[in-house]
Amino acid sequence: MAPGLPSTASVARFCQKLNRLKTLEEPTTETSLRRHLTTLDLILLGVGATVGLGLYMLTGTVAKEMAGPAVLVSFGVAAMASLLAALCYAELAARVPRKGSSYLFTYVFMGELWAFLVGWILLIQCIVGAAAMARFWSSYLDAIFSRSISSFTKAHVGTWQVPYLAQYPDFLAAGILLLASAFVSCGGRVSSWLSHTFLAISLAIILFIIILGFVLAHPHNWSAEEGGFAPFGFSGIMAGAATCIYGFVGFVAVAVSSEEAQNPKRSVPMALAISVTLVAAANILASTVLTLMVPWHSLDPDWALPDAFHQRGYSWAAFIVVAGAICAMNTVLLRYIFFLPHIISAMAADGLFFQVFAHVYSRMKVPVVGILVFGFLMAFLALLVELEALVQFRCICALLTYTFVATSIIMLRFRKSPPASSQDPGSPLGTEQTSASEPGQLQPALRPYLRFLDGCRPGAAVAWALGVLVSSAITLDCVLVFGDSVLHLPPWGYTLLLLLSSATFLLSLLVLGAHQQQHCQDTFQVPMVPLTPALSILLNIFLMLQLSYVAWLSFSIWLLIGFCRPYRNHGVFWLRHQAEQGEPAGTARADGHTWQPGRDGASHANPQPGTGPGARLHGAACQSMRTTGGLLTVPHILWRLEGLAAPLSGAAQVETTNSSPGPMQMSDRRPFDIKKLKTPPSDQAHTAIL
């Protein structure tokens, strides 16, 4: 071994810690938030966080540049992908009714490495989403003043023609973000009655748009003389659907607020389904009347709905639509900025982000440094980056997050149930029915026909089937999207690859379906697992491949920055030291803080949380950690099954009792147990959107 490099065993121990699961507090502990949200409150929260994102901001761009009048089909496909994702969010939120997001769900059910990846994506989602919203706001305001703002900027600053950069710097959008960030950093709040007022105005104006739009509808605008219903074909409809995902991203606010729901196991799934359905209906109806009022090729994408009424001679109606758009955009913009300190604090409390960004100032009760730094980053993106590039980047982040959530559902369903003694009747994870065959094992009725799978270790066949399922979904979608245009495959090659990838996808789906699942009696579960999450994965990947290569390049650069950033807030040399010692830096303690290395590099011997004699893990998400004795394989990374986490060479099981403080050695490994997320207080109506 080269001098100065950690041993293979040390690197293996460090890799094992990347796959640790997050455990939650005792279910008997009272939540710090009052459970006051009814089903109607959650529906209004989801609609308020979502409506207007696509209706006011995407219909013109998608109709004129991607799909034509078939924009309503694009919204329908995006609604289907969002509904499948909402069902997966509903089950996770019902099993873990805590305030959090897909970051928390991934940490609980998939592990630390994937949680960091999702949290890093959520962070850029907030930044890019707020920047895109500010540019939408600026374009509408500019349209009200007859383009005088943009004309003044072009005349005195100049323009440039650089792909995926704005033609001119949008100082108005940057100023809006700086003003909003300063408002939040000074401890500003937006009361719930003001949010409800904005929502009521927006819904009333949407209803006005639909009614008056059908009155002014002209079916001739869908005729062949105007280009037909789908002038850009199937590829244009799917490209539009990938962009229309941006119009549904706010529904996750319902899942994130499950801790405040009176009956989260019932109201959260219902609110998610209803809110997505209502928003889909509003988007489809609004896009229908838009393309029926005026020809799709004559639309102004910057403010399509007001421009359509203006072209028909109803200028007064155009100003009403602009007022509704501004109300909707103000609400969503503040939600993005209010959510930003929560994701930063959550990651910093777990040791996955720099502590300086999460420091809450006692006077303002918010992490001022984090809000201001990322506020300036939002303003920089809004100043220079083109709106379409921001929207596509936001869409690829959302679709990838949905894919992680759908994968978590499959992993959760086939995970071995925890021992009966470790469950509590009040556990938030639900009560699983006991059966003769444990989850992850082959169903007894199929064992005579699938003997080659019966000899596998519990969960091993499922883990490999899940990996094959995701790989075949990627291959199948690549063939469908790039088979003709990029790969230039001959007909026989295209057909062969299509048949092979489809057969592999279906075969892996059948293998998953042949194994036992967890069945909860008292909580919501996604119907038809593994089919429903598998279709969600397939559709999400297909839509991601429709986005531009620049969006993929930008997303890859952001991921590279995240993985190159010092893990757990320390440099490469400290990381090497921790790999040699077997304990990662920044291990989270029960008080929500992280212990840091001393000046000389020595670690402080603080006891791990949850290691006392009274500690106990609850539910499927809080099973005892297993550590591997070798490098992680693909099933280790993809899977957290009870029987699968052990390495091929054998592993030692570790319980939370009879542990001693100090650095964790090979013979003294303890589970990773951290206290529930601590986030700075803010208005509860604006705590989450992602």
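All values reported here derive from a predicted model rather than from experimental measurement. Side chains are part of it too, since the values below use all heavy atoms of this structure and drop only hydrogens, waters and symmetry mates. We're numbering straight along the sequence, starting at 1.
Two rings, from F482 and Y549, have their centers 6.0 Å or more apart.
The closest donor-acceptor contact from the side chain of R394 to the backbone of G129 lies at 3.5 Å or more, if one exists at all. With hydrogens and angles disregarded, no donor-acceptor distance shorter than 3.5 Å links the side chain of S202 to the backbone of F198. Judged purely by atom type and a 3.5 angstrom limit, S472 has no side-chain atom pairing as donor or acceptor with the backbone of S501. In terms of modelled atom types and a separation under 3.5 Å, the side chain of R266 and the main chain of T39 share no donor-acceptor contact. With hydrogens and angles ignored, the 3.5 Å screen pairs a side-chain donor or acceptor of Q517 with a backbone N or O of V529.
If you take CZ on F248 and OG on S275, they are separated by 10.5 Å, rounding to the nearest 0.5 Å. If you take OG1 on T50 and CG on L45, they are separated by 8.5 Å, rounding to the nearest 0.5 Å. Atoms CG and OG, on L476 and S502 in that order, are 4.5 Å from each other to the nearest 0.5 Å. To the nearest 0.5 angstrom, L122 atom CG is 11.5 Å from I344 atom CD1. Put simply, CG on L177 and CZ on R135 are 10.5 Å apart, with the number rounded to the nearest 0.5 Å. F524 contributes atom CZ, which lies 10.5 Å from atom CG of L92 (distance to the nearest 0.5 angstrom).
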Evaluate the criterion side-chain contact (heavy atoms from CB on, under 4.5 Å) for residue pair F75 and V71; output intermediate values, then yes/no.
-> CA-CA 6 Å; F75 271 113; V71 59; 3.8 Å; yes
Output, in order, the C-alpha distance, side-chain angles, deciding distance and verdict of side-chain contact (heavy atoms from CB on, under 4.5 Å) for M57 and V391.
-> CA-CA 10 Å; M57 306 161 199; V391 171; over 6 Å; no
For side-chain contact (heavy atoms from CB on, under 4.5 Å), just list the numbers for V249 and Y402, CA-CA rounded to whole Å, side-chain angles, deciding distance to a tenth of an Å, and then say yes or no.
-> CA-CA 10 Å; V249 293; Y402 296 166; 4.0 Å; yes
F555 vs I121, side-chain contact (heavy atoms from CB on, under 4.5 Å): CA-CA, chis, key distance, verdict = CA-CA 9 Å; F555 180 73; I121 294 173; 3.9 Å; yes
Would you list the atom pairs, donor with acceptor, under 3.5 Å between side chains in residues 531-548 and any protein atom, with sequence neighbours excluded?
{"unit_1": "T532", "atom_1": "OG1", "unit_2": "P527", "atom_2": "O", "d": "2.6"}
{"unit_1": "T532", "atom_1": "OG1", "unit_2": "M528", "atom_2": "O", "d": "3.4"}
{"unit_1": "S536", "atom_1": "OG", "unit_2": "N540", "atom_2": "ND2", "d": "3.3"}
{"unit_1": "N540", "atom_1": "ND2", "unit_2": "S536", "atom_2": "O", "d": "2.9"}
{"unit_1": "S548", "atom_1": "OG", "unit_2": "Q392", "atom_2": "OE1", "d": "2.8"}
{"unit_1": "S548", "atom_1": "OG", "unit_2": "A551", "atom_2": "N", "d": "3.4"}

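The nearest pair of heavy atoms linking N283 to G247 is ND2-O, 3.9 Å. Scanning both residues, L72 and I284, for their nearest heavy atoms gives O-CG1, 3.9 Å. Closest heavy-atom contact between I176 and A134: CD1-O, 4.4 Å. Between A398 and I245, the closest heavy-atom pair is CB-CG2, 4.3 Å. Residues S74 and G240 come closest through the heavy atom pair CB-C, 3.7 Å. Closest heavy-atom contact between G119 and I343: O-CG1, 4.2 Å.
A 4.5 Å side-chain heavy-atom check between L87 and L272 finds every atom pair outside the cut-off. Looking at M270 and L42, their side chains never come closer than 4.5 Å, going by heavy atoms from C-beta outward. Looking at F251 and V279, their side chains never come closer than 4.5 Å, going by heavy atoms from C-beta outward. Looking at L387 and T61, their side chains never come closer than 4.5 Å, going by heavy atoms from C-beta outward. In this structure, the side chains of I124 and C397 come closer than 4.5 Å at one or more pairs of heavy atoms. Side-chain atoms of V369 and F354, non-hydrogen and from C-beta on, never get closer than 4.5 Å to each other. W120 has its side chain within reach of L123: a pair of non-hydrogen atoms, C-beta onward, lies under 4.5 Å apart. Side-chain contact check for T401 versus Y89: some heavy-atom pair is nearer than 4.5 Å.
Not counting sequence neighbours, the partners of L377 by the side-chain contact (heavy atoms from CB on, under 4.5 Å) test are I127, F374.
Each of F116, W114, Y103 was checked for a ring-ring contact (aromatic ring centres under 6.0 Å, His included) with F404, and the lone residue meeting it is W114.
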